[in-house]
Amino acid sequence: MKKIKEAMLRRSLVFLFLFFSFITCAQTTEVVFIQMNDVYEIAPLEGGKFGGLARVKTVIDSIQALNPYTYVFLSGDFISPSALGTSQYEGKRINGRQMVDVMNAIGVNYVTFGNHEFDYKYEVLQDRIDQSQFEWVSSNVLKVSDGKSTAFEKSGVKFPEHKILRFPGYLKNHNIKLGMIGLCIDANNQPYVSYEDYYQSAKRVYGSIKDSIDYLIGITHLSIDEDKKLASELPELSLIMGGHEHVNMYHKVGNTIITKADANVRTIYVHTLVFDDQNKLRDIKSKLISIDGSVKEDPKVKDLVDEWTTRAFKGFIDKGFDPLVMVYDIKNDTLDGREETVRYSECALGYLIANSMFDVSPGADLALFNSGAIRIDDVLTGEITQYDIIRVLPFGGKIYQVELYGSLLKQILETGWNNKGNGGFLQFYGVEYTVQGWKVKNQPIDEDKIYNAAIADYLLTGMEQNFGYLTKDNPGIIKITEPDPSNKADLRNDIRFAVIEYFKKWKR
Ligand SMILES: [Zn+2]
């Protein structure tokens, strides 16, 4: 009996061995896609713990050494917002030049637009495009000039609506052809940009190439709901490498895989597309890789990153910052500075900044600022440095103390409230909205009373959305106290000094 069992076991082992030999001997072709999205920072963050494009370069090289058919993608949002980009170099604002330089160095192959590519004026974007050594693919974004919509161009060549990647499959003389489309969310309405409907343009472009490709993939910068809708409207998409949300995710809609990596290369996605001996796509193995201290930095890219960091930091040091100094370790806590949070709700980060303004403003009843001043569009966690504060508030700006009538204060708060979704949505401290209306210090605002409000200087320019009436000569304003620029001890000279001071108090 025992012998029979052993014989059976042996036989099944032999069968298993043969089965796996057959599987592994089966001829397959693999192509690898490396996906990044929403990258604003070239150097590691959180005290060096995560991110850093020099580390990404090491990963790219190690994958490329194993498979020459490796492509590197960045699914939008890289020119802005970046704190380094707000500093000066060679007499000009850096404006994303550092990012494109490093992207060239790590060997990015393909990008599509993200909404932040349109943060600057047209000339800046064109400079960055001309500087780039990678290819841009855009199926739904056009440039508007002289009232006409045409494709953006690089060196006089129009951006393609699609791209077809070709690589040899197992079948001889049959290249595998992968069509690629690129889509961007219509969230940034600059006069020089126009957007087509995502789904229509995706279908139109697919229709024009479907007879010349084997499979379709997308690089997109859309919300996850839009990506899901895209997958259901165009089920021919095998893979959507998306962005915009800043947190990693993996979804499957029908047969379409949708992935997003974490912002600032905290993670990247590595997709291995496996084709069988008939050139059929059999599998997409998607692996999320953490870019942390365990990954060595590529020395050449690190030198380049350090060069740019030194150039930009010089500008910050000249202003009195110490960018590398840690201001607070929030450990595993998070401070959400994403636009979808700060422009839509009274949030912890907004409250903290307004509280910082209040604390440095003697005699203030309240503090308020425009949420558009928060530019980080990312979530802070771990060790927060002075550089991170600059990332949050790259434009700085002064804090004014404004004595104003309650009637004007009410109007300001109402305008801010109605600005939900744009940079004119207000964040505040010392104010609350209740069923009885707006309250300051627990009392309803008295229209005839004079209040002392700490206000970000930009709000008094009249340039913020729907705040055209809020200028220094508004009749509702009694008095404005501006900080003395020569008095370095007056933290109202830069809102970021106030925030750094606030964190110092937390430490105590
Ligand atoms: Zn975005």
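Both counts, for ligands and for their atoms, begin at 1 and track the order of listing. Only a predicted model underlies this, so the values are computations on that prediction, with no experimental measurement involved.
- The closest approach of His244 to the Zn ion (ligand 1), by N/O/S atoms, is made by ND1.
- The Zn ion (ligand 1) lies under 2.8 Å from an N, O or S atom belonging to His221.
- With respect to the salt-bridge test (charged N to carboxylate O, under 4.0 angstrom), the residues Arg204 and Glu196 qualify.
- When distances to the Zn ion (ligand 1) are checked against a cut-off of 2.8 Å, Asp77 contributes an N, O or S atom below that limit.
- In this structure, Asp333 does not pair ionically with Lys331, as no charged nitrogen and carboxylate oxygen lie closer than 4.0 Å.
- A salt bridge does not link Lys229 with Asp225: none of the charged nitrogens is closer than 4.0 Å to a carboxylate oxygen.
- Using a cutoff of 4.0 Å between basic side-chain nitrogens and carboxylate oxygens, Asp227 and Lys260 are scored as salt-bridged.
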